[in-house]
Amino acid sequence: MLAVQEAWMMPFAFCTREKRWCEFAEPVNGESTQFLQEFALKYNMVIISSILERDINHGETLWNTAVIIGNHGNIIGKHRKNHIPRVGDFNESTYYMEGNTGHPVFETAYGKIAVNICYGRHHPLNWLAFGLNGAEIVFNPSATVGELSEPMWPIEARNAAIANSYFVGSINRVGTEIFPNPFTSGDGKPPHPDFGHFYGSSHFSAPDASCTPSLSRYKDGLMISDMDLNLCRQLKDKWGFRMTARYELYADTLASYLKPDFEPQVISDPLLHKKSF
């Protein structure tokens with residue numbers, strides 16, 4: 001199985017808000033997919049390819065999409081990014097909005113896999129939903145920079161692997177991309193021509209809380225790892241997270257929270273505001 005970084009076929013130009021970068025968008029069966037299909041067939045491997053998708057059948061709408069290519073060179077399916085950031089330079093809604101494919105899990109020759117694209121890793125329920133659908137490995141193709149998220153990078157995926165009893169593959173770009181025209185972050189600071197440093201540090205996390213060393217922070221690299229998928233079931237049996245979860249309570253809380261008249265369940269101390277003399 002091979003997974004590549006987010007939007008690997010283009011500069012990560014979504015900071016610029018310049019529409020010319022839309023020219024990189026392509027259909028799911030476009031040139032990037034066709035290029036990788038040959039390798040999937042030749043080397044008998046599943047490939048997860050993260051692209052800027054142009055949805056020809058729906059008015060050429062753009063999406064941030066992961067294409068899952070089977071080991072026979074076939075397209076198994078796709079998943080569109082569920083959560084779109086609006087954080088500093090990462091205001092990607094200029095190009096695409098939240099995805100509409102749910103939380104699919106793809107059964108492949110090498111396991112049941114899912115794709116939690118970049119910013120979705122900050123949302124625990126996003127990780128949970130892939131687990132509920134039976135994922136054994138969740139890949140997280142990303143493009144994220146040091147100043148923004150590096151302290152969180154080694155923590156979130158590892159926590160997700162533990163909580164959901166599956167493996168996580170965390171993939172990030174390396175280097176600094178310089179753009180012709182400076183852009184602003186909406187924070188009052190001067191315009192700048194780059195995001196900052198993409199810190200790489202790709203790694204795998206396992207459901208038993210172990211993780212591999214990370215790839216370089218500065219150089220492109222390829223990480224190869226063996227994963228014993230039996231470990232997913234073994235950890236489920238050991239910890240019983242699924243059995244002891246109270247999903248009915250969470251469902252009630254979420255249903256209540258979505259109502260306009262929602263009130264938090266807060267019980268105040270009746271003496272909290274009583275004046276003492």
Side-chain angles (χ1 to χ4, degrees), residues 1 3-7 12 48 50 64 66 79 81-92 98 103 105 111 113-133 135-176 195-229 231-232 234-236 238-242 244-245 250 254:
M1 231 177 272
V4 295
Q5 66 198 34
E6 184 182 18
F12 202 80
I48 296 92
S50 178
N64 186 321
H79 173 56
K81 188 172 183 175
N82 276 333
H83 297 275
I84 306 302
R86 294 161 180 84
V87 183
D89 290 332
F90 290 85
N91 194 339
E92 299 169 22
E98 286 78 7
H103 295 86
V105 169
I113 66 172
V115 190
N116 185 0
I117 302 173
C118 198
Y119 189 69
R121 72 180 178 278
H122 304 309
H123 295 269
L125 292 180
N126 208 40
W127 291 110
L128 171 65
F130 292 120
L132 294 180
N133 281 328
E136 295 171 313
I137 309 171
V138 179
F139 292 95
N140 177 227
S142 301
T144 184
V145 295
E147 184 177 352
L148 180 66
S149 66
E150 193 164 9
M152 305 154 73
W153 181 252
I155 300 171
E156 289 174 310
R158 196 173 182 185
N159 283 346
I162 297 168
N164 297 288
S165 304
Y166 52 48
F167 291 88
V168 175
S170 302
I171 308 132
N172 188 28
R173 289 184 176 226
V174 173
T176 302
F195 266 126
H197 178 68
F198 292 101
Y199 53 82
S201 304
S202 300
H203 63 280
F204 286 105
S205 303
D208 64 356
S210 63
C211 65
T212 66
S214 296
L215 288 178
S216 172
R217 194 176 184 276
Y218 300 101
K219 296 180 181 179
D220 287 323
L222 174 65
M223 173 164 285
I224 300 175
S225 179
D226 291 326
M227 284 176 273
D228 181 1
L229 300 185
L231 190 61
C232 300
Q234 291 167 10
L235 267 295
K236 287 176 182 176
K238 177 179 181 178
W239 284 106
F241 290 153
R242 286 282 184 270
T244 57
Y250 310 146
L254 290 171

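The shown structure was predicted, so the numbers you read here are calculated from the model rather than taken from an experiment.
- Taking the side chain as every heavy atom from C-beta outward, Ser201 and Trp153 approach each other to under 4.5 Å.
- The backbone N or O of Phe204 lies less than 3.5 Å from a partner atom in the side chain of Thr212, making a donor-acceptor pair.
- Counting only distance, with no hydrogens or angles, the side chain of Ser210 and the backbone of Ala206 share no donor-acceptor pair below 3.5 Å.
- Counting heavy atoms from C-beta on, the side chains of Thr144 and Met152 never come closer than 4.5 Å.
- For Arg217, the salt bridge (Lys or Arg N to Asp or Glu O under 4.0 Å) partners two or more places apart in sequence, or in a different chain, are Glu150.
- Inter-residue side-chain proximity for Leu125 and Leu254 is flagged as met; some heavy-atom pair is nearer than 4.5 Å.
- Between Ser149 and Arg121, some side-chain heavy-atom pair lies under the 4.5 Å cut-off.
- Take Glu98 and apply the side chain to side chain donor-acceptor pair (under 3.5 Å) test, not counting sequence neighbours, and it matches Arg86.
- Of the inter-residue distances, the one linking Leu148 atom CG with Tyr199 atom OH reads 7.5 Å to the nearest 0.5 angstrom.
- Considering all non-hydrogen atoms of both residues, Ala114 and Val105 come closest at CB-CG2, 4.2 Å.
- Distance CD1/Ile137 to OG/Ser205: 12.5 Å, rounded to 0.5 Å.
- The side chain to side chain donor-acceptor pair (under 3.5 Å) test applied to Asn140 returns Ser142, not counting sequence neighbours.
- Residues passing the side chain to side chain donor-acceptor pair (under 3.5 Å) test with Ser214: none are found, sequence neighbours excluded.
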Could you go through Arg242 and Leu132, starting from their C-alpha distance and side-chain angles, then the distance that decides it, and tell me whether this counts as side chain to side chain contact (heavy atoms under 4.5 Å, CB included)?
CA-CA 9 Å; Arg242 286 282 184 270; Leu132 294 180; 3.9 Å; yes
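- Every residue two or more places apart in sequence or in another chain that forms a side-chain contact (heavy atoms from CB on, under 4.5 Å) with Gln234 is listed here: Asn230, Leu231.
- By the side-chain contact (heavy atoms from CB on, under 4.5 Å) test, Ser50 pairs with Glu6, Asn64, Pro141, sequence neighbours left out.
- Using a 4.5 Å heavy-atom threshold, the side chains of Phe167 and Leu229 count as touching.
- Applying the side-chain contact (heavy atoms from CB on, under 4.5 Å) rule to Leu222 yields the partners Leu2, Ile224; only residues at least two apart in sequence or on another chain are considered.
- Contact record, Ser165 with Phe241: OG-CD1, 4.4 Å, taken as the closest heavy-atom pair.
- Of the possible donor and acceptor atoms, none in the side chain of Trp127 sits under 3.5 Å from a partner among the backbone N and O of Asn164.
- Asn82 contributes atom CG, which lies 13.0 Å from atom SG of Cys118 (distance to the nearest 0.5 angstrom).
- The two residues Ile113 and Met1 have their closest heavy-atom pair at CG2-SD, 3.5 Å.
- For Phe130, the ring-ring contact (aromatic ring centres under 6.0 Å, His included) test picks out His79, His103, with sequence neighbours left out.
- Nearest approach of Ala66 to Ile48, heavy atoms of both residues: CB-CG2, 4.3 Å.
- Between the CH2 atom of Trp239 and the CD1 atom of Ile162 there is a distance of 9.5 Å, given to the nearest 0.5 Å.
- Listed by chain and residue number, Ser202, Met223 satisfy the side-chain contact (heavy atoms from CB on, under 4.5 Å) test with Leu215 (two or more places apart in sequence, or in another chain).
- Taking His123 as the reference, His83, Tyr119 meet the ring-ring contact (aromatic ring centres under 6.0 Å, His included) condition, with sequence neighbours excluded.
- Scored by the ring-ring contact (aromatic ring centres under 6.0 Å, His included) test, Phe195 finds Phe12, Phe90, Phe198 as partners (sequence neighbours excluded).
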Does the side chain to side chain contact (heavy atoms under 4.5 Å, CB included) test come out yes or no for Glu92 and Lys81, once each step is laid out?
CA-CA 11 Å; Glu92 299 169 22; Lys81 188 172 183 175; 2.8 Å; yes
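- Judged as a ring-ring contact (aromatic ring centres under 6.0 Å, His included), and not counting sequence neighbours, the contacts of Tyr218 are His197.
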